[in-house]
Amino acid sequence: MIARPTRRACILGHGITYSRSPLIHNYWIKKYGLDAEYSICDLPEQKLPELLTSIREGSLAGCNVTIPYKQTVVPYLDAVDDTASTTGSVNTIYCRDGVLTGTSTDGAGYIGHLMDSHPAFKLKDASVLILGAGGAARSIADVMVKSGCSGVYIANRTFAKAQEIAGFQPDIIEPLEWSNLSAKAGVADLIINTTSLGMVGKQPLVFPLENTKPDCVISDIVYAPLETRLLAQARKLGRPVLDGLGMLLHQAVPGFRLWFGIEPQVTGELRALIEQDLQSHG
Ligand code: ATR
């Protein structure tokens, strides 16, 4: 009998100071008893073709992509799917039938976390207020439109970036000036902070929640700290909340499935493992 080689995947980036992706994927590899390994590939740009060739040839099952290559990798690929082309960035690469493909899993990760935590939440015809207009906001706005939300409002400090996202789907997405960020607070069913405000070392996000609907879900994609001021304020008012850690865990699910053929579960044990890591690494 010929032994099958160990399946490998990695996170591709450069100057990676720390990544939680190995912890997440190696947890699943162990849990599902796979002969596989997930590591960090910190490479200069001239080494990208070599790494991508190893995915095409099958010696590497695939990779995640982080700073600074989320946009840089696109010309090296044969195809990008719909989510990656809308968001203009790739965080996961896999190969099917010889076609090296890039996708972006942030939006799916956000929805996975939302549905896991608030299964009764109806995205169809919902109004969503997104604070921020960076890469994460793009992915989330895209998935909200595709999920049937009737209104997606994007407030951003640099208004032009909010306008740019609104340009994808002007009938549904409306840009808001940052000075007017709470204008839609009272109609929103879901409010999502995608800015860096509230992160360790940054200013907190100051947002008035008093006028929000009692069942409006208040969500932060910041996960360090886990309990941002926004979430603490929401809890105090009795609003349902959604923290940022779940999105980090759920955005890893599609990659694992594409590379190893198993739909991994985001378990309480995995969450506890990453929470512990957050406490030790911040
Ligand atoms: P990501 O890809 O994780 O979304 P990003 O692209 O750097 O990160 O986006 C960060 C977001 O936080 C942007 O919307 C940014 O606003 P600008 O587009 O005006 O830069 C927002 N942000 C960062 N600092 C901010 C601040 N002090 N006040 C308001 N918004 C801020």
Side-chain angles (χ1 to χ4, degrees), residues 11-21 64-74 80 83-92 102-111 113-114 128-145 152-168 173-185 190-209 218-226 228-231 233 242-252 278 282:
I11 179 156
L12 165 66
H14 194 36
I16 300 176
T17 47
Y18 188 68
S19 168
R20 290 189 173 91
S21 294
N64 286 125
V65 185
T66 187
I67 292 166
Y69 297 138
K70 286 186 168 195
Q71 275 118 30
T72 323
V73 290
V74 173
V80 288
T83 53
S85 65
T86 311
T87 57
S89 90
V90 160
N91 74 355
T92 303
T103 182
S104 169
T105 65
D106 284 340
Y110 185 83
I111 297 285
H113 179 36
L114 175 66
V128 181
L129 171 59
I130 299 175
L131 310 177
R138 269 175 188 251
S139 302
I140 293 173
D142 178 51
V143 83
M144 291 299 158
V145 169
V152 176
Y153 307 99
I154 302 186
N156 196 48
R157 180 179 61 177
T158 309
F159 185 58
K161 286 207 228 163
Q163 283 178 305
E164 197 189 318
I165 303 181
F168 297 150
I173 310 177
E174 187 183 317
L176 295 177
E177 298 276 2
W178 189 247
S179 56
N180 204 18
L181 90 170
S182 59
K184 296 289 177 183
L190 174 62
I191 296 177
I192 312 164
N193 174 42
T194 73
T195 73
S196 45
L197 293 172
M199 252 180 219
V200 171
K202 303 271 168 136
Q203 306 241 310
L205 171 67
V206 179
F207 187 91
L209 291 175
I218 310 297
S219 163
D220 207 325
I221 71 162
V222 169
Y223 56 83
L226 208 48
T228 57
R229 176 166 138 176
L230 178 73
L231 296 186
Q233 194 189 341
L242 192 67
D243 69 30
L245 179 54
M247 176 173 162
L248 175 77
L249 303 176
H250 280 271
Q251 62 79 34
L278 277 169

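Each ligand, and each atom within it, is numbered from 1 in the order the structure gives.
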Engineer: Using only atom types and a distance under 3.5 Å, with no angle test, would you say the side chain of Thr195 pairs donor to acceptor with the backbone of Leu197?
Structural biologist: yes
Engineer: Scan side-chain atoms only and decide if Ser104 and Asn91 contain a donor-acceptor pair under the 3.5 Å cut-off.
Structural biologist: no
Engineer: For the residue pair Leu181 and Leu176, establish whether any side-chain heavy-atom pair is separated by less than 4.5 Å.
Structural biologist: no
Engineer: Give every pair formed by an N or O atom of ligand 1 and a protein N or O atom closer than 3.5 Å, one pair per line with both atom names and the distance to 0.1 Å, or write none.
Structural biologist:
{"unit_1": "ligand 1", "atom_1": "2 (O)", "unit_2": "Gly135", "atom_2": "N", "d": "3.2"}
{"unit_1": "ligand 1", "atom_1": "4 (O)", "unit_2": "Gly135", "atom_2": "N", "d": "3.3"}
{"unit_1": "ligand 1", "atom_1": "4 (O)", "unit_2": "Ala136", "atom_2": "N", "d": "3.2"}
{"unit_1": "ligand 1", "atom_1": "12 (O)", "unit_2": "Ser196", "atom_2": "N", "d": "3.4"}
{"unit_1": "ligand 1", "atom_1": "14 (O)", "unit_2": "Ala133", "atom_2": "N", "d": "2.9"}
{"unit_1": "ligand 1", "atom_1": "14 (O)", "unit_2": "Asn156", "atom_2": "OD1", "d": "2.7"}
{"unit_1": "ligand 1", "atom_1": "16 (O)", "unit_2": "Asn156", "atom_2": "OD1", "d": "3.3"}
{"unit_1": "ligand 1", "atom_1": "18 (O)", "unit_2": "Asn156", "atom_2": "ND2", "d": "2.8"}
{"unit_1": "ligand 1", "atom_1": "18 (O)", "unit_2": "Lys161", "atom_2": "NZ", "d": "2.8"}
{"unit_1": "ligand 1", "atom_1": "19 (O)", "unit_2": "Arg157", "atom_2": "NE", "d": "3.0"}
{"unit_1": "ligand 1", "atom_1": "19 (O)", "unit_2": "Thr158", "atom_2": "N", "d": "3.0"}
{"unit_1": "ligand 1", "atom_1": "19 (O)", "unit_2": "Thr158", "atom_2": "OG1", "d": "2.5"}
{"unit_1": "ligand 1", "atom_1": "20 (O)", "unit_2": "Arg157", "atom_2": "NH2", "d": "2.9"}
{"unit_1": "ligand 1", "atom_1": "27 (N)", "unit_2": "Arg157", "atom_2": "NH1", "d": "3.4"}

Engineer: Give a yes-or-no answer on whether the side chains of Thr103 and Thr83 include a donor-acceptor pair shorter than 3.5 Å.
Structural biologist: yes
Engineer: Return yes if a side-chain donor-acceptor contact under 3.5 Å exists between Tyr110 and Ser219, otherwise no.
Structural biologist: yes
Engineer: I'd like to check the side-chain contact (heavy atoms from CB on, under 4.5 Å) partners of Thr66; sequence neighbours left out, ordered by chain and number.
Structural biologist: Ile11, Ile16
